[in-house]
Amino acid sequence: MPIKEESFRIGCGRYIQGAGYVEKVGSEVLNLGTSPLIIGGKTALEITKSKIEKSVETKCNKYEFIEHTGTCNEERAKEFAELACKKGYDVIVGVGGGVICDLAKLCAYYAHTPVVNVPTSSATCASYTPLRVRYTPDGKTVGSIHYGYEVDCVIADTEILVKQ
């Protein structure tokens, strides 16, 4: 349940960082479930998809990649959450910048699943904070929501972060 407060805990359940760590997505998913729905931005998926796919294809029961190019909004998050529930995905993975990391958190909230974020930009705290900035589908800021729980895992691949 989203909560509104002035101070909150910042962090994540698990934070791992290092060169080539995007290849650990499959192993980290297995700490939380077996079947990830992987949501990413166009550029983020272009640079990570083959490595993530290699890491999940032998470890996970099933997986699916979805490219998202819009804002982080309620409608899209609910759509992805419904898809995750319908197809039996039990972990949401967000790959990208702040919009994608926020969207993954919101999708996981609606799907009642854990969330793993793989930031591809070092300039964002969205990957680990229990906060989400809200937008309308056309990009207008609505405000923010604080969650009462942490992001389950953040995988920071330093090889990716230094190039973006």
> Okay, side chain of Asp157, backbone of Gly20: is any donor-acceptor separation there less than 3.5 Å?
yes

> Quick check with a 6.0 Å cut-off and a 45 degree axis cone: is Lys87 positioned over the face of Tyr89's six-membered ring?
no

> So do the side chains of Asn73 and Thr136 get within less than 4.5 Å of each other, counting heavy atoms only?
no

> When you look at Val95 and Val93, which way does the side chain to side chain contact (heavy atoms under 4.5 Å, CB included) test go after all the steps?
CA-CA 7 Å; Val95 183; Val93 177; 4.0 Å; yes

> Go through Lys78 and Glu82 one step at a time and tell me if the side chain to side chain contact (heavy atoms under 4.5 Å, CB included) criterion holds.
CA-CA 6 Å; Lys78 287 177 181 178; Glu82 185 178 317; over 6 Å; no

> Taking all heavy atoms of Glu75 and all of Pro137, pick out the closest pair and write down the distance.
OE1-CG, 3.5 Å

> Compare every heavy atom of Gly96 with every heavy atom of Cys101, then report the nearest pair and how far apart it is.
SG-O, 3.7 Å

> A cation-pi test, strictly: NZ or CZ of Lys140 under 6.0 Å from the centre of the six-membered ring of Tyr135 and no more than 45 degrees from its axis. Yes or no?
no

> Minimum heavy-atom separation for Glu150 to Gly13, with atom names?
OE1-N, 3.7 Å

> Please report the closest heavy-atom contact between Ala108 and Pro114, naming both atoms and the distance.
CB-O, 3.9 Å

> For residues 29-39, dump all side-chain donor-acceptor pairs below 3.5 Å to protein atoms at least two apart in sequence or in another chain.
| residue | atom | partner | partner atom | Å |
| --- | --- | --- | --- | --- |
| Asn31 | ND2 | Glu28 | OE1 | 3.2 |
| Thr34 | OG1 | Asn61 | ND2 | 3.1 |
| Thr34 | OG1 | Asp90 | OD2 | 3.4 |

> Check for a donor-acceptor pair, side chain of Asn117 on one end and backbone N or O of Pro119 on the other, with a separation under 3.5 Å.
no

> State, to 0.1 Å, how close Ala156 and Tyr21 come at their nearest heavy-atom pair, and which atoms those are.
O-CB, 4.2 Å

> Please test Val118 against Val22 for side chain to side chain contact (heavy atoms under 4.5 Å, CB included), starting from the C-alpha separation and ending with a verdict.
CA-CA 7 Å; Val118 182; Val22 73; 4.1 Å; yes

> Counting N and O atoms only, with roles assigned by atom type, does the side chain of Thr69 sit under 3.5 Å from a partner on the main chain of Gly41, one being a donor and the other an acceptor?
no

> If you measure from the Lys or Arg side-chain nitrogens to the Asp or Glu carboxylate oxygens, is any gap between Lys163 and Glu159 under 4.0 Å?
no

> Starting at CD1 of Ile100, measure out to NZ of Lys105 and round the result to the nearest 0.5 Å.
12.5 Å

> Could you pull out all donor-acceptor pairs under 3.5 Å where a side-chain atom in residues 50-57 meets a protein atom, sequence neighbours excluded?
| residue | atom | partner | partner atom | Å |
| --- | --- | --- | --- | --- |
| Glu53 | OE2 | Tyr63 | OH | 3.0 |
| Ser55 | OG | Gly26 | N | 3.1 |
| Ser55 | OG | Ile52 | O | 2.9 |

> Which heavy atom of Ala104 sits nearest to which heavy atom of Gly94, and what is that distance?
CB-CA, 3.6 Å

> If only atom types and distance count, is the side chain of Thr120 paired as donor or acceptor with the main-chain N or O of Ala44 below 3.5 Å?
no

> Between Tyr15 and Gln17, is a side-chain hydrogen bond (donor to acceptor under 3.5 Å, both in side chains) present by the stated rule, with each step listed?
CA-CA 7 Å; Tyr15 178 92; Gln17 174 179 310; 2.5 Å; yes

> Nearest 0.5 Å, please: how far is CD in Glu74 from SG in Cys107?
11.5 Å

> Would you please test Val154 and Arg14 for side chain to side chain contact (heavy atoms under 4.5 Å, CB included) and show each step?
CA-CA 6 Å; Val154 173; Arg14 185 161 160 80; over 6 Å; no

> Can you get from Ile16 to Ile160 by hopping between Ile, Leu, Val, Met, Phe, Trp and Tyr side chains that sit under 4.5 Å apart?
yes

> If you round to the nearest 0.5 Å, how far is CD of Glu64 from CZ of Phe80?
9.5 Å

